[in-house]
Amino acid sequence: DATSIYKIPRMLHEQGVDRTLCEILRLDTKPADLSVWDSLVHALEHPEREVRIAMVGKYVDLTESYKSLSEALIHAGIHTKSRVSIEYIDSERIEAEGTGMLEGFDAILVPGGFGKRGVEGKIAAIRFARERGVPYLGICLGMQLAVIEFARDVCGLAGANSTEFDPDTPHPVIGLITEWTDREGQVERRSESFDYGGTMRLGAQEARLVPGSRARQIYGRDLIVERHRHRYEVNNNYIGVIQAAGMKVGGWSADESLVETIELPDHPWFFACQFHPEFTSTPRTGHPLFSGFVQACLAQARTRSAAAAVNQ
């Protein structure tokens with residue numbers, strides 16, 4: 001009967017479930033202090049403002065696919081005293097109908113995913129965010145597609161793509177780590193015994209953030225640990241061209257061989273990461289990346305409101 005899952009701990013406490021369990025298990029514990037939890041629930045139920053985020057994906061008919069991500073945004077709302085309203089938009093609709101449906105949102109988010117279906121709609125949404133100055137957050141595939149969009153539309157690399165979607169692309173800006181060639185033209189290969197698990201990076205791994213980058217500003221430290229689950233990486237052979245055109249790498253793997261985050265310094269808030277920060281967000285602590293994203297949404301909402309007032 002609870003209106004939010006976050007109310008359940010208080011309800012169980014008031015019914016004495018925690019005390020009964022401690023008695024059964026013969027645990028001598030202090031009385032439960034739910035004051036911090038109560039404050040989180042209060043912030044959730046009494047937001048001071050609201051932001052609207054367009055989550056552009058292809059699993060929108062089953063939004064539970066994005067459950068960890070939507071919960072991380074709710075956590076960020078708690079810590080910014082905001083109601084985060086998420087609208088799930090099918091990227092194939094964008095392919096068919098255009099980006100007009102993205103008008104009016106305070107931010108755009110492209111989550112992770114696999115496979116070619118709906119990819120061009122996501123790329124169109126990313127271009128919309130980049131050109132319109134709308135805050136953008138890309139997660140995993142959302143970072144790879146941001147690199148592809150930038151390579152095509154800013155760097156002028158016609159046909160740039162991921163080898164996941166087009167094995168014969170003339171500009172494989174995204175590819176398997178086993179597909180890269182070094183400066184001498186030799187194919188770089190990693191064995192199944194390598195730390196990254198063959199062609200897939202899995203689990204918690206360290207990343208080093210570049211001093212002065214937005215990534216470093218968001219996290220407030222030089223070294224972070226985030227969880228990964230992907231096969232494809234930014235092709236290092238294109239990093240020089242991409243950075244020269246204005247997209248910056250803000251985070252590298254611990255050995256500085258793989259791109260972890262990218263950003264656009266001349267954009268109000270454009271950030272994407274190869275890892276999955278939603279897996280480490282909690283109601284108590286939130287996550288700095290999602291809190292920073294929601295704060296950017298709030299700034300965008302204020303700007304839009306001010307512009308609307310002037311035009312009245």
Side-chain angles (χ1 to χ4, degrees), residues 42-57 60 69-70 72-91 93-111 120-139 142-143 145-146 149-150 152-154 212-218 220 245-248 250 261-273 286-312:
H42 183 272
L44 176 66
E45 294 214 300
H46 299 86
E48 297 178 359
R49 47 215 166 224
E50 181 175 0
V51 293
R52 297 177 65 236
I53 297 175
M55 188 182 297
V56 180
V60 295
L69 196 49
S70 59
L73 290 169
I74 291 173
H75 302 162
I78 290 173
H79 290 275
T80 57
K81 299 180 179 180
S82 310
R83 174 178 287 110
V84 178
S85 176
I86 305 169
E87 184 168 331
Y88 301 91
I89 296 181
D90 191 334
S91 56
R93 279 191 60 210
I94 294 178
E95 292 177 358
E97 303 172 25
T99 56
M101 64 188 72
L102 299 175
E103 296 282 356
F105 285 98
D106 300 312
I108 295 170
L109 189 156
V110 174
E120 292 301 326
K122 297 175 187 178
I123 291 174
I126 294 167
R127 182 174 184 177
F128 179 94
R130 179 180 59 79
E131 294 182 338
R132 298 290 191 92
V134 176
Y136 173 75
L137 176 60
I139 305 292
M143 186 190 89
L145 297 181
E149 189 279 324
F150 193 82
R152 291 178 182 178
D153 299 324
V154 179
S213 65
R214 184 180 295 278
R216 177 63 177 76
Q217 178 188 20
I218 289 170
M247 177 176 279
K248 302 301 181 184
T261 73
I262 59 94
E263 56 195 66
L264 292 178
D266 60 351
H267 188 281
W269 207 96
F270 191 106
F271 187 92
C273 56
H287 190 288
L289 180 50
F290 292 103
S291 293
F293 180 51
V294 172
Q295 288 168 354
C297 297
L298 291 167
Q300 177 74 1
R302 288 193 295 269
T303 299
R304 292 177 58 248
S305 295
V310 169
N311 294 329
Q312 285 182 350

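What you are looking at is a predicted structure, and each value in this text was computed from that prediction instead of being measured. Here, residue 1 is the first one in the sequence, and each next residue gets the next number. Values below: every heavy atom of this structure, side chains too, minus hydrogens, waters and symmetry copies.
The shortest distance between side-chain heavy atoms of Val154 and Met247 does not fall below 4.5 Å. Under the 4.5 Å side-chain criterion, counting only non-hydrogen atoms from C-beta, His287 is not in contact with His75. In this structure, the side chains of Lys81 and Pro47 stay at 4.5 Å or more apart for every pair of heavy atoms. In this structure the side chain of Ile53 reaches within 4.5 angstrom of the side chain of Cys297, judged on heavy atoms. For the pair Tyr88 and Ser70, the minimum side-chain heavy-atom distance is below 4.5 Å. When side chains are defined from C-beta on, Cys273 counts as touching Ile139, because their heavy atoms get closer than 4.5 Å. Within the 4.5 Å cutoff, the side chain of Phe271 has heavy atoms near those of the Thr261 side chain. The closest side-chain heavy-atom distance from Arg130 to Phe150 is below 4.5 Å.
Remark: Arg93 CZ to Thr99 OG1 distance equals 12.0 Å, nearest 0.5 Å. Interatomic distance, Ile78 CD1 to Leu44 CG, rounded to the nearest 0.5 Å: 4.5 Å. With rounding to the nearest 0.5 angstrom, the CD atom of Glu120 is 11.5 Å from the CZ atom of Arg127. The line from CZ of Arg49 to OG of Ser82 is 4.5 Å long, rounded to the nearest 0.5 Å. For the atom pair CD of Glu263 and CE of Met143, the computed distance is 11.5 Å after rounding to the nearest 0.5 Å. Taking CD of Gln300 as the reference point, atom CH2 of Trp269 lies at 12.5 Å (rounded to 0.5 Å).
Look at Arg132 and Glu103 and you find a salt bridge, because one of the NZ, NE, NH1 or NH2 atoms lies within 4.0 Å of a carboxylate O, short of that distance.
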task: Show the numbers, then the answer: is there a side chain to side chain contact (heavy atoms under 4.5 Å, CB included) between Ile94 and Val56?
output: CA-CA 9 Å; Ile94 294 178; Val56 180; 3.8 Å; yes
- prompt: Can you list the steps and then say if Phe290 with Leu69 is a side chain to side chain contact (heavy atoms under 4.5 Å, CB included)?
  reply: CA-CA 9 Å; Phe290 292 103; Leu69 196 49; 3.5 Å; yes
task: Test Phe270 against Arg214 for side chain to side chain contact (heavy atoms under 4.5 Å, CB included), laying out the working first.
output: CA-CA 9 Å; Phe270 191 106; Arg214 184 180 295 278; over 6 Å; no
- request: Assess whether side chain to side chain contact (heavy atoms under 4.5 Å, CB included) is satisfied between Met55 and Leu73, documenting all intermediate values.
  value: CA-CA 11 Å; Met55 188 182 297; Leu73 290 169; 4.1 Å; yes
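A cation-pi arrangement, defined by a distance under 6.0 Å to the six-membered ring centre and an angle within 45 degrees of its axis, is present between Arg52 and Phe105.
The minimum heavy-atom distance linking His79 with Gly286 is given by the pair NE2-N, 3.5 Å. The nearest pair of heavy atoms linking Ala272 to Gly142 is CB-O, 4.4 Å. Contact detail for Gly250 and Ser213: the closest heavy-atom pair is O-OG, 3.5 Å. The shortest heavy-atom contact between Gly104 and Arg304 is O-NH2, 3.1 Å. Pairing each heavy atom of Pro268 with each of Gly133, the nearest pair is CG-O, 3.6 Å.
Between Phe293 and the options Ile218, Leu137, Val84, Leu298, a side-chain contact (heavy atoms from CB on, under 4.5 Å) holds for only Leu137.
In this structure a side-chain-to-backbone donor-acceptor pair under 3.5 Å is present from His267 to Ala129.
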